[in-house]
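Written out below as structure tokens is the structure these notes cover.
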Amino acid sequence: MTDYQKNKNLSRRTFLINTAKGLTGLAISGAGIPLILSSCSSKTTADNNISTESMVDLGPIEELQSGPYPMKINYDAKIQDGWAEIPMKGFVYVTKNDTGDLMIMSPVCTHLGCTVPIANDEWKQKGVTFLCPCHDGKYDGQGKNVGGPPPRPFDIFNPVIQDGRVFIQPLSPIKRDPS
């Protein structure tokens, strides 16, 4: 009996197993299609061809550079993620770093994830700009942890400046090392 004849007489079980394997492979390879399509976004500018569909618009750069700091910027946006549009509400703190560049900080405490407000005047006189109400975490004006349990400074966002506006990717905060 030749190999062809052996394969011609496939059992029902072998047929179903091979079909399931093929469909699984197809499904896995198809999962990458949304990623490929989202990278072909049409919402770009001629300046530097960075897509802003998955970013939050914080406003004109002139306003953010004028202070006073820290500046709380609220946002209400719809983020395009593949075919889905995800509504997002939140806020960030804007200040300047040691070199005078804009620094955009997450308001999330690095201890246990509480949202941290700006401290009252009494704490500000003690050098604390942000005070976490959950476990007494203290941060200075640049978001560096200066007291309490937080293990590191606030996370920051890499600002993207296009057409005179500042954008961030709210789903991609950057961890800062304790220093």
Side-chain angles (χ1 to χ4, degrees), residues 28-119 129-135 137-146 149-179:
I28 290 172
S29 65
I33 291 173
L35 295 174
I36 293 167
L37 292 177
S38 68
S39 68
C40 300
S41 168
S42 62
K43 194 174 178 183
T44 59
T45 64
D47 293 350
N48 48 17
N49 287 340
I50 295 176
S51 171
T52 57
E53 274 192 14
S54 62
M55 297 186 189
V56 168
D57 184 350
L58 297 179
I61 190 165
E62 302 87 37
E63 288 180 20
L64 298 180
Q65 287 180 330
S66 66
Y69 300 113
M71 184 184 303
K72 180 180 175 182
I73 304 292
N74 294 304
Y75 61 82
D76 186 0
K78 288 186 168 80
I79 303 298
Q80 191 69 35
D81 185 18
W83 289 295
E85 210 173 61
I86 303 167
M88 291 193 74
K89 282 186 174 190
F91 69 91
V92 293
Y93 292 121
V94 177
T95 190
K96 288 193 175 182
N97 63 19
D98 294 333
T99 60
D101 296 323
L102 280 180
M103 183 167 62
I104 301 166
M105 302 181 293
S106 168
V108 177
C109 183
T110 58
H111 175 231
L112 290 177
C114 300
T115 302
V116 182
I118 295 176
T129 306
F130 304 98
L131 181 64
C132 183
C134 300
H135 301 104
K138 298 170 186 75
Y139 298 88
D140 69 8
Q142 296 212 330
K144 294 178 185 167
N145 50 320
V146 294
R152 58 186 172 75
F154 282 142
D155 293 341
I156 58 172
F157 297 97
N158 189 21
V160 173
I161 301 167
Q162 275 194 112
D163 300 326
R165 301 191 69 79
V166 178
F167 296 88
I168 61 164
Q169 293 178 322
L171 302 176
S172 302
I174 300 165
K175 289 183 181 181
R176 292 197 286 172
D177 292 327
S179 50

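- The list of salt bridge (charged side-chain N to carboxylate O under 4.0 Å, His left out) pairs with a residue in residues 107-117, not counting sequence neighbours, is empty.
- Contacts of Thr110 classified as side-chain hydrogen bond (donor to acceptor under 3.5 Å, both in side chains), with partners at least two apart in sequence or in another chain: Tyr139.
- Taking CZ of Phe167 as the reference point, atom CE of Met55 lies at 8.0 Å (rounded to 0.5 Å).
- Counting only residues at least two apart or on different chains, no disulfide (SG to SG under 2.5 Å) pair has a member in residues 79-109.
- For residues 151-161, every residue pair satisfying the side-chain hydrogen bond (donor to acceptor under 3.5 Å, both in side chains) rule, not counting sequence neighbours, is listed here: Arg152-Asp155.
- Looking only at side-chain heavy atoms (C-beta outward), Thr129 and Val146 stay at 4.5 Å or farther from each other.
- Residues Thr115 and Pro133 share a closest heavy-atom pair of O-CD, 3.9 Å.
- Of the inter-residue distances, the one linking Lys96 atom NZ with Leu64 atom CG reads 10.0 Å to the nearest 0.5 angstrom.
- Across every non-hydrogen atom of Val108 and Gly113, the tightest pair is CG1-CA, 3.6 Å.
- The side chain to side chain contact (heavy atoms under 4.5 Å, CB included) check on Pro60 picks up Glu62, Glu63, Arg165, with sequence neighbours excluded.
- A distance of 12.0 Å separates CD1 of Ile61 from CG of Asp163, quoted to the nearest 0.5 Å.
- Under the side-chain hydrogen bond (donor to acceptor under 3.5 Å, both in side chains) criterion, no residue pair touches residues 67-78, with sequence neighbours excluded.
- Between Asn145 and His111, the closest side-chain pair of non-hydrogen atoms is not below 4.5 Å.
- Shown here for Val56 and Pro170, the closest heavy-atom pair between the two residues is CG2-CG, 3.4 Å.
- Here Arg176 pairs with nothing under the salt bridge (charged side-chain N to carboxylate O under 4.0 Å, His left out) rule; sequence neighbours left out.
- Shown here for Pro178 and Pro153, the closest heavy-atom pair between the two residues is CA-CD, 3.9 Å.
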Contacts table for residues 85-94: side-chain donor-acceptor under 3.5 angstrom, sequence neighbours left out:
{"unit_1": "Tyr93", "atom_1": "OH", "unit_2": "Val116", "atom_2": "O", "d": "2.6"}
{"unit_1": "Tyr93", "atom_1": "OH", "unit_2": "Ile118", "atom_2": "N", "d": "3.4"}

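- A search for side-chain hydrogen bond (donor to acceptor under 3.5 Å, both in side chains) contacts involving Asp140 returns nothing, not counting sequence neighbours.
- Interatomic distance, Thr95 OG1 to Phe154 CZ, rounded to the nearest 0.5 Å: 11.5 Å.
- Summarising the geometry, atom CG belonging to Asp101 is positioned 9.0 Å from atom CD belonging to Gln65; distances are rounded to the nearest 0.5 Å.
- Remark: Ile168 CD1 to Ser106 OG distance equals 8.5 Å, nearest 0.5 Å.
- In terms of the side-chain hydrogen bond (donor to acceptor under 3.5 Å, both in side chains) criterion, Ser66 has no residue partners (sequence neighbours excluded).
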